[in-house]
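This report refers to the structure that appears directly beneath it.
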Amino acid sequence: MASSSASYWLTASLAFILTLQLLVLRESQAQLSSTFYDSSCPNVSSIVLDQVQQAQKSDTRILASLTRLFFHDCFVNGCDGSILLDNSSTIVTEKDAVPNNNSARGFDVVDNIKAAVENSCSGIVSCADILALAAEVSVNLSGGPKWSVLLGRRDGTTANITAANNLPGPRDNLTTLQQKFNDVGLNDTDLVALSGGHTFGRAQCRSFSNRLYNFSDNSTADPSLNSTYLTTLQNNCPQGGNGSTLNNLDLTTPDTFDNKYYTNLQTKEGLLQSDQELYGTGASTASIVDQFAANQTVFFENFIAAMINMGNISPLTGSNGEIRSDCKKVNGASARYMIRMAVKDLSSAKA
Ligand code: HEM
Ligand SMILES: *[C@@H]1O[C@H](CO)[C@@H](O)[C@H](O)[C@H]1NC(C)=O
Ligand SMILES: *[C@@H]1O[C@H](CO)[C@@H](O)[C@H](O)[C@H]1NC(C)=O
Ligand SMILES: *[C@@H]1O[C@H](CO)[C@@H](O)[C@H](O)[C@H]1NC(C)=O
Ligand SMILES: *[C@@H]1O[C@H](CO)[C@@H](O)[C@H](O)[C@H]1NC(C)=O
Ligand SMILES: *[C@@H]1O[C@H](CO)[C@@H](O)[C@H](O)[C@H]1NC(C)=O
Ligand SMILES: *[C@@H]1O[C@H](CO)[C@@H](O)[C@H](O)[C@H]1NC(C)=O
Ligand SMILES: *[C@@H]1O[C@H](CO)[C@@H](O)[C@H](O)[C@H]1NC(C)=O
Ligand SMILES: *[C@@H]1O[C@H](CO)[C@@H](O)[C@H](O)[C@H]1NC(C)=O
Ligand SMILES: *[C@@H]1O[C@H](CO)[C@@H](O)[C@H](O)[C@H]1NC(C)=O
Ligand SMILES: *[C@@H]1O[C@H](CO)[C@@H](O)[C@H](O)[C@H]1NC(C)=O
Ligand SMILES: *[C@@H]1O[C@H](CO)[C@@H](O)[C@H](O)[C@H]1NC(C)=O
Ligand SMILES: *[C@@H]1O[C@H](CO)[C@@H](O)[C@H](O)[C@H]1NC(C)=O
């Protein structure tokens with residue numbers, strides 16, 4: 001009696017797991033969808049909003065930092081939460097890559113969001129989707145547009161520090177920027193619209209000091225940099241000073257998500273060389289800059305489209321990847337994890 005009951009539950013739970021797997025497999029071709037969590041975690045957007053607002057109280061810059069994390073995630077292995085992984089026996093963390101080290105920030109806030117989301121709907125929402133949601137919330141809280149975030153990404157189990165070291169860099173020329181965006185399926189319109197992310201947040205002196213000093217002709221500095229702005233920057237970033245000193249990326253409206261980034265480029269007041277490249281003499285992207293500078297609505301529409309395009313870079317869906325329980329670590333060794341999940345299924349089947 002006892003043993004037939006046990007085998008009944010074993011059979012039932014196996015059938016349950018198989019049914020789940022069939023459902024999951026059927027979904028594995030699935031596209032991302034704005035309604036993905038509508039029944040499994042209906043409140044996820046407001047939980048993310050709530051947590052980001054909490055963080056914002058003590059840190060204005062966090063809205064920019066969270067937006068940047070989504071970019072640095074999506075350009076490396078696709079939007080799979082890889083940037084969030086710490087070192088472990090199987091992971092060499094992307095946090096140590098040159099563009100991220102002492103620069104990418106907001107990881108503690110992502111952990112707080114994840115904890116709050118797990119508290120409402122355990123094991124449902126991926127860390128990759130949390131980054132996508134946090135970016136949208138951050139843009140809107142800064143005065144930017146709102147949009148329906150596409151969801152359903154799963155978390156990866158690998159990181160790639162080599163690829164992270166190859167992220168677009170502040171000294172890249174237009175050709176290199178176009179190439180790096182093209183490599184992930186993004187065109188010139190996306191490049192110019194997404195660079196508008198530099199309408200808020202900060203950059204360290206070391207990210208643009210190449211534009212301030214040591215030109216072959218020391219009498220004239222970087223000709224693409226406004227001479228008044230050059231003086232301001234030289235004062236804030238003295239030669240031999242602390243390369244970690246922060247500067248606003250947008251000198252006009254430092255914390256507002258608007259189209260001032262583009263009017264800054266028109267007056268040669270882009271902070272990074274990679275910013276000003278978009279408006280260089282003869283640059284094929286200059287006309288797009290002019291369109292976004294002339295009409296903020298046009299910028300917002302194109303920014304939304306480009307964020308959706310970037311969010312679609314090689315997502316893991318269906319049964320690929322996993323839903324991490326801790327954004328900093330891949331889930332436990334697979335055998336141990338499968339047993340734990342099977343036991344969980346068994347007890348929920350009994351209940
Ligand atoms: C086009 C190629 C890009 C390059 C070369 C680039 C480079 C940089 C650099 C060098 C910094 C300053 C880092 C530091 O000094 O610590 C920075 C900051 C930032 N980037 Fe980009 N970026 C690019 C595209 C993007 C995109 C696509 C977004 C988002 C849509 C973005 C959002 C940001 C934000 C918000 C900050 C400020 C972060 C903070 O204050 O914590 N960037 N970027
Ligand atoms: C949804 O989350 C928000 C923010 O955490 C909370 O204020 C609200 O009460 C939640 N609503 C429901 C129905 O759980
Ligand atoms: C992560 O591991 C790499 C190589 O295994 C090491 O060089 C690096 O210092 C470690 N980073 C941290 C933050 O522990
Ligand atoms: C990252 O920055 C730390 C200082 O905060 C430094 O000790 C470390 O060497 C850097 N890592 C790499 C890989 O450059
Ligand atoms: C968020 O987006 C909505 C819709 O576009 C807009 O009405 C609202 O003003 C935005 N929020 C902020 C703070 O700008
Ligand atoms: C890591 O990224 C580099 C550069 O993009 C690529 O050549 C390499 O194949 C990637 N490695 C893995 C294991 O995906
Ligand atoms: C852009 O930079 C790449 C890589 O540094 C270089 O090979 C290329 O010649 C540069 N192109 C232009 C037009 O300056
Ligand atoms: C980029 O692609 C979008 C469609 O995603 C298209 O509307 C736009 O015209 C393209 N831009 C360029 C410069 O080709
Ligand atoms: C510029 O050149 C001077 C003199 O050669 C040198 O001491 C200084 O470190 C250089 N600064 C930068 C930012 O390269
Ligand atoms: C070049 O200009 C910088 C900044 O004005 C100055 O500090 C430096 O002494 C000059 N270097 C030379 C070699 O004239
Ligand atoms: C530079 O500034 C950073 C933070 O602003 C600080 O942690 C660091 O100690 C400073 N380095 C030097 C050499 O003063
Ligand atoms: C430099 O910036 C000032 C202030 O924005 C602007 O009036 C001027 O036209 C700019 N100079 C150039 C060459 O764009
Ligand atoms: C800005 O662009 C929007 C969207 O294309 C359009 O509806 C609006 O009329 C434009 N505004 C101006 C002042 O041209």
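Values in this document were obtained by computation on a predicted structure and should not be read as measured data. Whatever order the structure lists them in is the order used to number ligands and atoms, beginning at 1. By convention here, the first residue in the shown sequence is residue 1.
- Ligand 3 places these atoms under 4.0 Å from at least one heavy atom of N87: 1 (C), 2 (O), 3 (C), 8 (C), 10 (C), 11 (N), 12 (C), 14 (O).
- Remark: atom 11 (N) of ligand 5 lies closer than 4.0 Å to at least one protein heavy atom.
- Listed by number with element, the atoms of ligand 5 under 4.0 angstrom from any heavy atom of G143 are 14 (O).
- Under the 4.0 angstrom criterion, atom 3 (C) of ligand 3 counts as having a protein heavy-atom contact.
- A side-chain donor-acceptor contact under 3.5 Å links Q178 and S284.
- Closest protein heavy atom to atom 1 (C) of ligand 5: N140 ND2, 1.7 Å.
- Looking from atom 5 (O) of ligand 8 to the surrounding protein, the closest heavy atom is N309 ND2, 3.8 Å.
- Note that OH of Y279 and CG of L265 are 8.5 Å apart. Values are rounded to the nearest 0.5 Å.
- Neither the backbone nor the side chain of D86 comes within contact range of ligand 3; no heavy atom lies under 4.0 Å.
- Using a 4.5 Å heavy-atom cutoff, the side chains of F71 and P168 are in contact.
- Residues S82 and D73 meet the side-chain proximity criterion, which asks for heavy atoms closer than 4.5 Å.
- Taken from CG in D111 to NZ in K328, the straight-line distance is 4.0 Å, to the nearest 0.5 Å.
- Within a 4.0 Å radius of atom 7 (O) of ligand 3, the protein has no heavy atom.
- Atom 9 (O) of ligand 8 has T189 OG1, 4.3 Å as its closest protein atom, hydrogens excluded (heavy atom only).
- With respect to the salt-bridge test (charged N to carboxylate O, under 4.0 angstrom), the residues D255 and R202 qualify.
- Within ligand 8, counting atoms from 1 as listed, the ones closer than 4.0 Å to a heavy atom of N187 are 1 (C), 2 (O), 3 (C), 8 (C), 10 (C), 11 (N), 12 (C), 14 (O).
- Judged by distance alone, the side chain of Y213 and the main-chain N or O of Q234 form a donor-acceptor pair under 3.5 Å.
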